[in-house]
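Values below: every heavy atom of this structure, side chains too, minus hydrogens, waters and symmetry copies.
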Amino acid sequence: MVRSAYERGVNFFDTARAYTNSEERIGKALKDVRDEVYIATKSVQRMGEGVIKDLDTSLEKLQTEWIDLYQLHMVSKRHEWETVCGPGGALEALQSARDEGKIRHLGITTHNPDLMMEVLGTGVFETVMVPFNYLTNKTSELLRSCKDARIGTIVMKPFGGGALTYKKTALRYVLGNDNVDTVIPGMMSLKELEENLAVYSDNYTLSEEDLQLIEKDRAKLGDVYCRACDYCLPCPQGIPVSFVLRAEDQHLRLTGWTPRLLKQVSDAEDKVASCLRCGECEERCPYQLPIRELLQTKMSRLLDLLEKEKQGQS
């Protein structure tokens, strides 16, 4: 699929050390056309030693001698930023790596636009990656400021981590924003690749129907929905948080009650029942979701729907 994207004109590929074997796949697919594409990757390491280890691993997996854009991954809390830019921090190490030619440009990713307004004022970074879609408008000011400062903007979560109902409308909404330089929609199949490319090559103007669809999703989802970033994990009890919060609107709506979904819900029921209500997940959630409350509500709703399904089959 990566190769197909390249052959269709896609030339910017974003990955990260945290994305399992993504770097290895991208490296294999693009090795022979390396000079024709821009590859971006990331590290969650905050100290210099750790980030250089990640960088060297990325270079090996991507089968390249340089990274076009290297990003500090998920810097959303002030203490993280202070560590990153402090003595021996990741920023100092990456600046040295840039001088050595291992990387060409520095970027940063975040779920906290308020903090990023301060960080970007330092003039250190050339790009910023932030979530933005028709239900996440709090990043609008940051996008405008980046445009004024000639800092490149990369939009993640254009589909709200899969929560948004109207994918073509969602992509048009982001692409039509003059302050957005590029967007990185996740694609799991050639079909999704073709659908996204069709939107890219079309008119980005939102129709009256698009506007109505957006309002329907706003009324349905509001701000309290899971984006599937999984920064809430790991849970000490092993609760699959994003699965539980998204099972009805995502998995059930798309597939119905498959054997796999039945087993996942059954396994999750026991896990949710073991919740310690410690609040660690809520402390990590970049969207401040009331996860402890949502877990109980969403699980009860799933079990009710499952019971109705069984009654309908009897």
Side-chain angles (χ1 to χ4, degrees), residues 15-23 42-47 50-51 54 71-81 83-84 109-112 115 129-131 133 135-136 138 156-157 159-164 186 188 220-255 257-307:
T15 181
R17 275 280 64 237
Y19 300 164
T20 61
N21 59 357
S22 172
E23 288 181 326
K42 323 178 190 74
S43 172
V44 296
Q45 297 295 324
R46 304 307 187 212
M47 297 302 294
V51 80
D54 267 4
Q71 302 157 104
L72 290 171
H73 198 175
M74 180 55 177
V75 181
S76 294
K77 297 181 179 179
R78 185 170 299 280
H79 70 83
E80 294 173 334
W81 168 240
T83 300
V84 160
T109 84
T110 189
H111 288 261
N112 185 341
L115 174 63
M129 181 185 294
V130 290
N133 55 62
L135 292 189
T136 304
K138 66 178 185 178
M156 59 171 153
K157 306 293 182 184
F159 306 137
L164 304 191
M188 297 291 289
K220 175 185 174 184
L221 297 171
D223 290 328
V224 186
Y225 66 93
C226 176
R227 281 79 165 178
C229 65
D230 283 337
Y231 290 124
C232 56
L233 301 179
C235 168
Q237 297 299 96
I239 299 173
V241 177
S242 64
F243 168 76
V244 175
L245 299 192
R246 294 156 52 85
E248 179 184 352
D249 291 332
Q250 296 297 300
H251 308 288
L252 184 56
R253 176 169 59 84
L254 293 174
T255 68
W257 286 106
T258 63
R260 180 183 179 186
L261 183 58
L262 286 169
K263 184 179 187 308
Q264 287 177 303
V265 170
S266 177
D267 292 344
E269 180 183 6
D270 294 335
K271 294 290 187 180
V272 171
S274 72
C275 177
L276 301 174
R277 301 191 66 81
C278 63
E280 288 185 16
C281 54
E282 294 183 6
E283 292 175 6
R284 298 192 192 106
C285 177
Y287 299 97
Q288 293 84 50
L289 296 181
I291 295 175
R292 287 172 289 186
E293 176 186 340
L294 287 173
L295 282 173
Q296 305 303 321
T297 302
K298 295 288 187 180
M299 196 72 243
S300 295
R301 169 71 176 167
L302 281 172
L303 295 177
D304 288 344
L305 290 171
L306 180 56
E307 183 60 32

- Nearest heavy-atom contact between Leu115 and Ser76 is CD2-C, 3.6 Å
- Task: Please test Glu23 against Arg17 for side-chain contact (heavy atoms from CB on, under 4.5 Å), starting from the C-alpha separation and ending with a verdict.
- Result: CA-CA 7 Å; Glu23 288 181 326; Arg17 275 280 64 237; 2.7 Å; yes
- Query: When rounded to the nearest 0.5 angstrom, what is the spacing between CD in Gln45 and OG1 in Thr83?
  - Reply: 12.0 Å
- Item | CD on Glu293 to CZ on Arg277, rounded to 0.5 Å | 8.0 Å
- Item | Under 3.5 Å donor-acceptor, Ser22 side chain and Thr15 backbone | no
- Query: Taking the side chain from Asn112 and the backbone from Lys77, do they hold a donor-acceptor pair closer than 3.5 Å?
  - Reply: no
- Message: Would the distance check show the side chain of Ser43 and the main-chain N or O of Leu72 forming a donor-acceptor pair, the cut-off being under 3.5 Å?
- Response: no
- Query: Hey, is the main chain of Leu261 close enough, under 3.5 Å, to the side chain of Thr258 for a donor-acceptor pair?
  - Reply: yes
Ignoring hydrogens and angles, write down the donor-acceptor pairs under 3.5 Å from the side chains of residues 233-249, residues two or more places apart or on other chains.
unit_1 : atom_1 : unit_2 : atom_2 : d
Gln237 : NE2    : Ser274 : O      : 3.2
Ser242 : OG     : Asp230 : OD1    : 2.8
Arg246 : NH1    : Gly161 : O      : 2.6
Arg246 : NH1    : Cys226 : O      : 3.4
Arg246 : NH2    : Gly161 : O      : 2.6
Glu248 : OE1    : Arg301 : NE     : 3.1
Glu248 : OE2    : Arg301 : NE     : 3.0
Glu248 : OE2    : Arg301 : NH2    : 3.1

- Query: Which heavy atom of Ile291 sits nearest a heavy atom of Cys232, and at what distance?
  - Reply: CD1-CB, 3.9 Å
- Task: Tell me, please, whether Tyr225 has Arg227 positioned over its six-membered ring: NZ or CZ under 6.0 Å from the ring centre and within 45 degrees of its axis?
- Result: yes
- Task: Give the C-alpha distance, both sets of side-chain angles, the deciding distance and a yes or no for side-chain contact (heavy atoms from CB on, under 4.5 Å) between Glu269 and Met299.
- Result: CA-CA 7 Å; Glu269 180 183 6; Met299 196 72 243; 4.0 Å; yes
- Do NZ/NE/NH1/NH2 and the carboxylate oxygens of Asp267 and Lys271 come within less than 4.0 Å? no
- Look only at the side chain of Ser300 and the backbone of Gln296, and say whether a donor-acceptor pair between them is shorter than 3.5 Å. yes
- Check Gly186 against Phe159 and note the closest heavy-atom contact, atom names and distance. O-CE1, 4.4 Å
- Item | Shortest non-hydrogen separation from Lys42 to Thr109 and the atoms involved | CD-CG2, 3.8 Å
- Which atoms form the tightest heavy-atom contact between Arg46 and His73, and what is the distance? NH1-O, 2.9 Å
- Message: For Lys157 and Thr136: C-alpha separation, side-chain torsions, deciding distance, then whether side-chain contact (heavy atoms from CB on, under 4.5 Å) applies.
- Response: CA-CA 9 Å; Lys157 306 293 182 184; Thr136 304; over 6 Å; no
